[in-house]
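What follows is one structure encoded as structure tokens, with my remarks underneath.
Letters go in sequence order (proteins before strands), and every chain restarts at 1.
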2 protein chains.
Amino acid sequence: MVKYQEAELNDIFSALADPTRRALLARLEEDDDALSVSELAAPFDVSLPAVMKHLNVLSGAGLIARQKTGRTVRVRLQPEKMAHAMEWLRRYERFWTDRLDRLAAFVENAAQNETPTHPATPQDQEDR
Amino acid sequence: MVKYQEAELNDIFSALADPTRRALLARLEEDDDALSVSELAAPFDVSLPAVMKHLNVLSGAGLIARQKTGRTVRVRLQPEKMAHAMEWLRRYERFWTDRLDRLAAFVENAAQNETPTHPATPQDQEDR
DNA sequence: TCAATACTTAACCCCATGGTTAAGTATCAA
DNA sequence: TTGATACTTAACCATGGGGTTAAGTATTGA
């Protein structure tokens with residue numbers, strides 16, 4: 001079961017390791033997150049089959065979903081799995097947010113429930 | 001300059017894509033974060049040269065640093081670069097933390113300064 | 001029905017990656 | 001000084017990843 005998570009992280013991190021794939025994800029995020037395969041491929045200087053392979057990797061990692069309607073395929077972002085990568089990284093976050101932990105403790109008191117994860121400017125005030 | 005960041009992300013994400021390398025980092029994080037190469041390699045069932053290669057990849061990505069004293073080499077964690085990976089991922093964070101944004105806003109008010117990024121249980125309350 | 005469109009699959013290349021074993025280089029201890 | 005220790009480098013191997021071109025399969029529109 002921990003093994004499974006390992007494999008998932010392998011897939012996610014190696015999916016994110018390629019700049020073209022990151023660009024594809026970025027495009028899906030900024031555009032109305034449901035582009036056809038050809039629309040998606042257009043800005044890139046690689047062939048369509050190459051983009052297909054990238055899409056296969058991305059959906060293999062669970063980061064996108066495809067939906068076929070007629071002869072066109074809409075691709076939409078499905079970035080929930082990225083949360084797992086974030087979780088893994090969070091373990092190391094203390095190294096660059098040491099002094100923010102005080103604040104974190106405060107927040108856990110203030111807002112009984114949970115701490116947020118959408119900071120405006122995360123690290124700039126640290127200079128280490 | 002954006003190109004440079006791209007290359008850096010390539011290195012970081014592909015360094016993290018291998019389970020052995022993640023385990024090495026985890027070991028460096030939990031132990032007193034300065035182990036010798038042999039100590040570091042001991043728990044793994046791969047050869048020392050294989051571990052060496054992983055360490056090369058990790059230091060190539062700037063995630064560890066080596067310091068030679070006599071004939072032993074201490075390896076220490078240097079996870080600051082992971083912040084860049086986090087930053088990249090943060091762009092997508094809204095997809096799984098929609099309703100936490102209210103809380104984030106609250107925190108930004110409460111603690112003028114900054115929001116923390118060390119939550120205890122990040123995503124469970126979302127079910128989408 | 002037939003051609004264009006939209007995507008997919010196949011077959012191939014090259015080279016990077018992760019592993020090996022074996023040999024090489026310092027350094028330490030006796 | 002000599003042998004063990006700690007790490008490094010070299011040489012090799014198999015696999016997989018990212019790219020290509022070419023061919024294949026639906027669908028759509030005329």
Would you call [X] and [Y] a side-chain contact if the rule is heavy atoms closer than 4.5 Å?
X	Y	answer
B:M82	B:L25	yes
A:L55	A:L40	yes
B:M52	B:V37	yes

Distance in angstrom units between [X] [atom1] and [N] [atom2], rounded:
X	N	atom1	atom2	answer
A:R22	D:dG18	CZ	P	12 Å
B:M52	C:dA23	CE	C1'	15 Å
A:L40	C:dT8	CG	C1'	15 Å
A:Q67	D:dT27	CD	P	15 Å
A:L48	D:dG24	CG	C1'	14 Å
A:F44	D:dG19	CZ	C1'	15 Å
A:N56	D:dG19	CG	P	13 Å
A:N10	D:dG16	CG	C1'	14 Å

Discussion item. Base contacts versus sugar-phosphate-only contacts with protein, heavy atoms under 4.0 Å: please encode nucleotides 11-19 of chain C as B, S and - from 5' to 3'.
Written reply: B------BB
Worksheet item: Is it the case that B:R66 and B:S59 place a side-chain donor and acceptor less than 3.5 Å from each other?
Response: yes
Discussion item. With no hydrogens and no angle check, just 3.5 Å: does a side-chain donor-acceptor pair link B:E8 and B:H84?
Written reply: yes
Enumerate all atom pairs, one protein N or O and one N or O from nucleotides 27-29 of chain C, separated by less than 3.5 Å.
from: C:dT27; atom 1: O2; to: B:R71; atom 2: NH1; distance (Å): 3.2

Worksheet item: Any link between A:V46 and A:L58 through a network of hydrophobic side chains (Ile, Leu, Val, Met, Phe, Trp, Tyr) touching at under 4.5 Å?
Response: yes
Discussion item. Is there a path of hydrophobic side-chain contacts, each under 4.5 Å between heavy atoms, that joins A:V57 and A:L28?
Written reply: no
Discussion item. Walk me through whether A:R22 and A:E29 qualify under salt bridge (Lys or Arg N to Asp or Glu O under 4.0 Å).
Written reply: CA-CA 10 Å; A:R22 286 199 307 275; A:E29 192 260 343; over 6 Å; no
Worksheet, complete the sentence: Looking only at heavy atoms, the pair that brings B:A61 and B:K81 closest together is O-CG, 3.9 Å
